[in-house]
Amino acid sequence: MTPTAPRVRFAPSPTGYLHVGGARTALYNWLFARKTGGTFVLRIEDTDAERSSEANTQVILDGLGWLGLSWDEGPIFQGAEVARHRGDAERLLAEGKAYRCFCTREELEAHRKAAGGDTYKYDGRCDRLTGAEVAARIAHGTSSVIRFRMPQEEIAWDDAVHGRISFHGRDLDDMVILRSDGTPIYNLAVVSDDIAMRITHVIRGDDHISNTPKQIALYQALGARLPVFGHVPMILGADGKKLSKRHGATAVGDYQDQGILPAAMRNFLALLGWSPGEDREVMTEAEMISLFSLEAIQKKPAVFDTVKLEWMNGQYLSSIPTADLVAPVARELERMQVHVGGSHLLPPYIDAVKSRARTILEMAERVAVRLDSRHVKLDDKGRKLRLKMGDAFVGSLKTALETLSPLGESEWSAEPILERLKARADADGMKLGDLLQPIRVAVTGSTVSEPVNELLEVVGRSSSLARLTRAAERSW
RNA sequence: GGCCCCAUCGUCUAACGGUCAGGACACCACUCUUUCAAGGUGGUAAUACGGGUUCGAUUCCCGUUGGGGUCACCA
């Protein structure tokens, strides 16, 4: 390994599912590592024992695996490193860069109220305690935290995506770095770990910008060399607000469930806040890696557009061989409790449906409709067509039944079906479409399908006739 | 509210001071198919506002407005 090879990390906390924003951050780290020949480390930030869980950790690992984001080291669990975290905090204390604070939560709350709330900053009163006073309180067994004394100076860095960002220490709190129970607070744990793991590039969400000056101060106090920081923009919902549960699907698992392909998700996520230029959109993994750069990342937040994601998925779906679709569609059908009778029977159904579906789920639903008439549901456009056509709708169905019933089982295939329907339409002087579209709606419930004659063949003689009869009688 | 970040079509974005401001999604129209999509062709649609700097600003500077992030013994 060359000494200049970058080391990056993705450091989620297992307090929930893998959010699409987190997934994109992971993706950018991964792309950067692969592009530069660097190392991608996975670290699980589980120092909040209350909210962390093994199940959540597994969901995150599964999500990354599904997206194909392989890590080179880890997962490393932050919770296993508390001894080092504590050591670092105590070192800062010993070097006079941090101090013990004996204030209780109640006292802090009282100060905050007295100061008027919003702009409250710890006033450093415990920093003014004499050595004797501190010793007395410790001897008395009063519990304490360790606070870091924030340098009162400008703290700035050249952000890999934003350019120069500058804060001033006077606006920053003397933050707690070690809890009274001896466990570390986030900012200390992160810095301690990133130093120990020799991380060279910290690529994370914009929501961490305000943590960065605090962490830089910690790096400097610990005498460590600064990594490059790069803050990638947030992902917003359709209403322009930060993406959250009320926007519907926000976990990568949700999209997996909807039948989005990992490659499509990865491509879409990469484009959300980054552009390779030259109007490139659909890219292979190798192209994405070779074109990637931190400097080309957008500074402003991006709205998550599920419609475009589905379009992207359709692009990928259409280039996948039917054989590769059998297993995922079969799995979905099983989940829907649709009886298939062996997945070797599936290919003709998938072919029938493939070019018209944008997700695996949609594909499975359409296959289900063809397999089992109980899945036929009249959709809005179908209903609209029936209303628009009025009596002619049922008339067309009756005509179709008359025309097709005489066809025997052995003659029931696309070619003869089309010939008969054409001949009949000609004879009756009606437009072929006026005859076919009601059939399509009666058989599938939808106005969209493969050519009607092929549809009838796939569905089969008896089921097709039964569906036409039912639709004609019920006159839907 | 303090601090910080950001600002090109509805959405994702391109344009290292000079372009008829380009592409993609979505939408509309046309076209192919004696039927649906897909495809093809075309169209509607943007530099938030006000000042500078400059021969010339989407691009550089300042301000306004608007949006976002963050202010815990959470991460």
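Order of the sequence lines fixes the chain letters, A, B, ..., with proteins taken first and strands second; residue numbering starts at 1 for each chain. It should be emphasised that the depicted structure is a prediction, and the values quoted were computed from it without experimental measurement. Note: hydrogens, waters and symmetry copies are ignored here, and every other heavy atom, side chains too, is used.
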- Message: Is there, by distance only and without an angle test, a donor paired with an acceptor across the side chain of A:Lys308 and the base of B:A24 below 3.5 Å?
- Response: yes

- Task: Give the ring-plane orientation class for A:Phe304 versus A:Phe268, where under 30° counts as parallel, over 60° as perpendicular and anything between as tilted.
- Result: perpendicular

- Ranking B:U70, B:C25, B:U35 by distance to the side chain of A:Asp207, first place goes to B:U70

- Look through every strand shown and name the nucleotide pairing with B:A75 as Watson-Crick or G-U wobble, where both distances are under 3.5 Å. none

- Between A:Asp426 and A:Lys422, is there a salt bridge with N-O shorter than 4.0 Å? no

- Item | Nearest to side-chain heavy atoms of A:Arg105, which nucleotide of B:C5, B:C74, B:U35 | B:C74

- Query: Does A:Phe10 have its ring centroid less than 6.0 Å away from the ring centroid of A:Trp71?
  - Reply: no

- Separation of A:Arg266 CZ from A:Glu285 CD (nearest 0.5 Å): 4.5 Å

- Message: So if I take every side-chain heavy atom of A:Glu281 and compare against B:A75, B:C73, B:C12, which nucleotide ends up nearest?
- Response: B:C12

- Under 3.5 Å, side chain of A:Arg43 to main-chain N/O of A:Gln78, donor-acceptor pair present? no

- pair_partner(B:G42), Watson-Crick or wobble, both distances < 3.5 Å, evaluates to B:C28

- Item | Heavy-atom donor-acceptor pair, A:Ser180 side-chain to B:C73 base, under 3.5 Å | yes

- Rounded to the nearest 0.5 Å, how far apart are CD of A:Gln298 and CG of A:Leu272? 10.0 Å

- Message: Across nucleotides 37-43 of chain B, 5' to 3', mark each nucleotide with B, S or - according to how protein heavy atoms within less than 4.0 Å reach it.
- Response: B------

- Message: Which nucleotide wins on minimum distance to the side chain of A:Val176, given the candidates B:C73, B:A75, B:C12?
- Response: B:C73

- Query: Is there a donor and acceptor pair closer than 3.5 Å between the side chain of A:Asp279 and the base of B:G22?
  - Reply: yes

- Query: Which nucleotide, in any strand shown, forms a Watson-Crick or G-U wobble pair with B:C36, with both distances under 3.5 Å?
  - Reply: none

- Taking the nucleotide of RNA chain B with the closest heavy atom to each, which residue, A:Lys422 or A:Ser143, is nearer the 5' end? A:Lys422

